[in-house]
Amino acid sequence: MATKVSHGDDAATGSRRTPFLVELYRSALGKKYLMAISGIVFMGYVLAHMLGNLKLYQGPEEFNKYAEFLREGLLTPILPESGMLNLLRLVLLVSLVVHVVAAVQLTRMNKQARPESYRSKRDYVAADFASRTMIWTGTIVLLFVAYHLADLTWGWVNPAEAGATVYDKVVASFSVPAVAAFYLVANLALGVHLYHGVWSLFQSLGINNRRFNHWRRALAVGFTVVVVGGNLSFPIAVQVGLIS
Amino acid sequence: MNLTLRVWRQAGPDAPGRFETYEATDISPDSSFLEMLDLVNEDLIGQGEEPIEFMHDCREGICGTCGMMINGRAHGPQSMTATCQLHMRTFQDGDELVLEPWRASGFPIVKDLVVDRSAFDRIIEAGGYISIDTGSAPDANLIPVAKQDADLAMDAAACIGCGACVAACPNGAGQLFTSAKLAQLNTLPQGQPERYERTEAMVEVMEEHFGSCTNMGECEAACPKGISIDFIAMMNRDYRKAKFRNRRSA
Ligand code: FES
């Protein structure tokens, strides 16, 4: 409470002080804060990803050009080729680690907070399906991301022959009913996750004002519908032959 | 009216517990829920059995001791109503009522439906007070408080510390209680000098005892006093600021 008078050893600890975000992360509230920030990074990413992929509807040429642009054209020549892409990848990777590790740690903390669950059936009033299944919808999305990267980024499990264009790889992948189904399920899980997450992040960040609070849910619903709606359309379009 | 009760019976903190079934007969719909339990207990005592242990004090919804889970809901089915304020007319003749104590590691079971809520006292001890000299009553009235702030502080101060928020929360988090106790001081001028020390200290003690908030809103729905989760957002904001400020002044 009182301001400390600086002594010799105080100055020494001062120079080795932990960074603010690390210190914040030590508390559960801080973990939620950083989960909200990384969540915002993912929101930006899924929105851009969906909008970019709408180029699928413009045909192979436009779509392949867009893929090329992401790899080579992003902020070049200010940055070296793929520089910006790799920078974005780094930001996403760090966000992913923070988001997932914090989620696991907080889930464990919550489990410890109620080691013995209720023996009678709970009757929830406000806790909805989305908010109670975040850890599961998140896991589904995470598994999907791993598969999606192996399929389209690294090409390990892609059914198209070697040397195929990005467009051909996407079409080849989504032509397999099981892959298309997995994609649909994962995006529905993403939708459920976003529906709670986008609303929830305002609370975690302490952004609350009675004048605009009703917009938080509206934004969550709108954002979810746009992103998931767009994403779901791609495998469906391939399956019904709209994209081939 | 006649009801069947399934009540959690547990002889002591470490004893194994189980549900026992009791019949509550000839209950007036106008009686309160706790009066109904009193009648059941009188029968039990008459039969030479141990009465059902439950907590109560004021029986007017202000002391916060009477909490229990009734049919899977903290304080039962009626919103903004503490167990003692619940009337039997809320239920139907022939209903089965399942009564269970709060379950949270921060609220260990003492006996039957009674839990030890002293973890809440630990949170208050960490900063839920004002230690500056505010003077006598006339002096206090000299400090102008905006109507909006006074209203907000009063809304937060409605918290009776019953623990329903922790009990109802799927994560066993103590956010609604802690944020209300913080807000009732942090929104008033007298609370400002210690605002950030208080916020940091109380949040960190809370985290030693309870789970982490995932914004499900179940606490707000269960709260007999209708405390809003807006206070949780306020606490989150203040905590971040507190971490930043206290670090600079450390
Ligand atoms: S007995 Fe005091 S609040 Fe219910």
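Quick caveat: nothing in here was measured; it's all calculated off a predicted structure.
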Look up atom NZ in B:K243 and atom OG in A:S27, then write down how far apart they are to the nearest 0.5 Å. 6.0 Å
Heavy-atom distances under 4.5 Å only: say whether B:F107 touches chain A with side chain, backbone, both or neither. neither
Given heavy-atom pairs under 4.5 angstrom as the criterion, report whether the side chain, backbone, both or neither of B:P101 touches chain A. backbone
Do A:E23 and B:N246 have side chains that approach each other closer than 4.5 Å (heavy atoms only, starting at C-beta)? no
For A:R108, does the CZ atom sit with more than 12 other heavy atoms under 6.0 Å from it, leaving out its own atoms? no
Given heavy-atom pairs under 4.5 angstrom as the criterion, report whether the side chain, backbone, both or neither of B:E207 touches chain A. both
May I ask you to list the residues in residues 67-76 of chain B that approach chain A closer than 4.5 angstrom, counting heavy atoms only, ordered by number? B:M69, B:N71, B:G72, B:R73
Quick one: are B:S105 and A:R114 in side-chain contact, heavy atoms under 4.5 Å? no
Check each atom of A:N209 against the heavy atoms of chain B and say whether the ones under 4.5 Å are side chain, backbone, both or neither. neither
With rounding to the nearest 0.5 angstrom, report the NZ to OG distance, A:K31 to B:S212. 8.5 Å
Got a second to check how far A:R132's CZ is from B:M216's CE, nearest 0.5 Å? 7.5 Å
Non-hydrogen atoms of chain A under 4.5 Å away: do they reach the side chain of B:S228, the backbone, both or neither? side chain
Taking side chain as C-beta onward, heavy atoms only, is B:F19 less than 4.5 Å from A:S120? yes
Could you look at B:I229 and say if it's the side chain, the backbone, both or neither that has a heavy atom under 4.5 Å from chain A? both
Straight-line distance of A:L205 CG to B:N236 CG, nearest 0.5 Å: 8.5 Å
Contacts of A:Y45 meeting ring pair (Phe, Tyr, Trp, His ring centres under 6.0 Å) (sequence neighbours excluded), chain-then-number -> A:H49
Contact part of A:S204 toward chain B, heavy-atom cut-off under 4.5 Å: side chain, backbone, both or neither? both
Approximate separation, where rounding is to 0.5 Å, of A:L24 CG and B:F244 CZ: 10.5 Å
Checking A:K32 against chain B: side chain, backbone, both or neither under 4.5 Å from a heavy atom? side chain
Listed partners of B:E220 passing salt bridge (charged side-chain N to carboxylate O under 4.0 Å, His left out), at least two apart: none
Measuring from A:Y33:OH to B:R237:CZ, what's the distance to the nearest 0.5 Å? 11.0 Å
Is any side-chain heavy atom of A:M134 closer than 4.5 Å to a side-chain heavy atom of B:T214? no
Are any non-hydrogen side-chain atoms of A:R119 and B:R103 less than 4.5 angstrom apart? yes
Of the non-hydrogen atoms in A:A126 and B:G217, which two are nearest, and what is the gap between them? CB-O, 3.3 Å
Positions in residues 161-172 of chain B that reach chain A, provided some heavy atom is under 4.5 Å away: B:V166, B:A167, B:A168, B:C169, B:P170, B:N171, B:G172
Top of A:K121, A:R122, A:R26 for chain B proximity - count of heavy-atom pairs under 4.5 angstrom: A:R122
Would you check if A:Q203 and B:I232 make a side-chain contact, meaning some heavy-atom pair closer than 4.5 Å? yes
Only one of B:E200, B:M206, B:E204 forms a side-chain contact (heavy atoms from CB on, under 4.5 Å) with A:L29, so which one is it? B:M206
Output, in order, the C-alpha distance, side-chain angles, deciding distance and verdict of side chain to side chain contact (heavy atoms under 4.5 Å, CB included) for A:V125 and B:E218. CA-CA 6 Å; A:V125 185; B:E218 195 63 23; 3.8 Å; yes
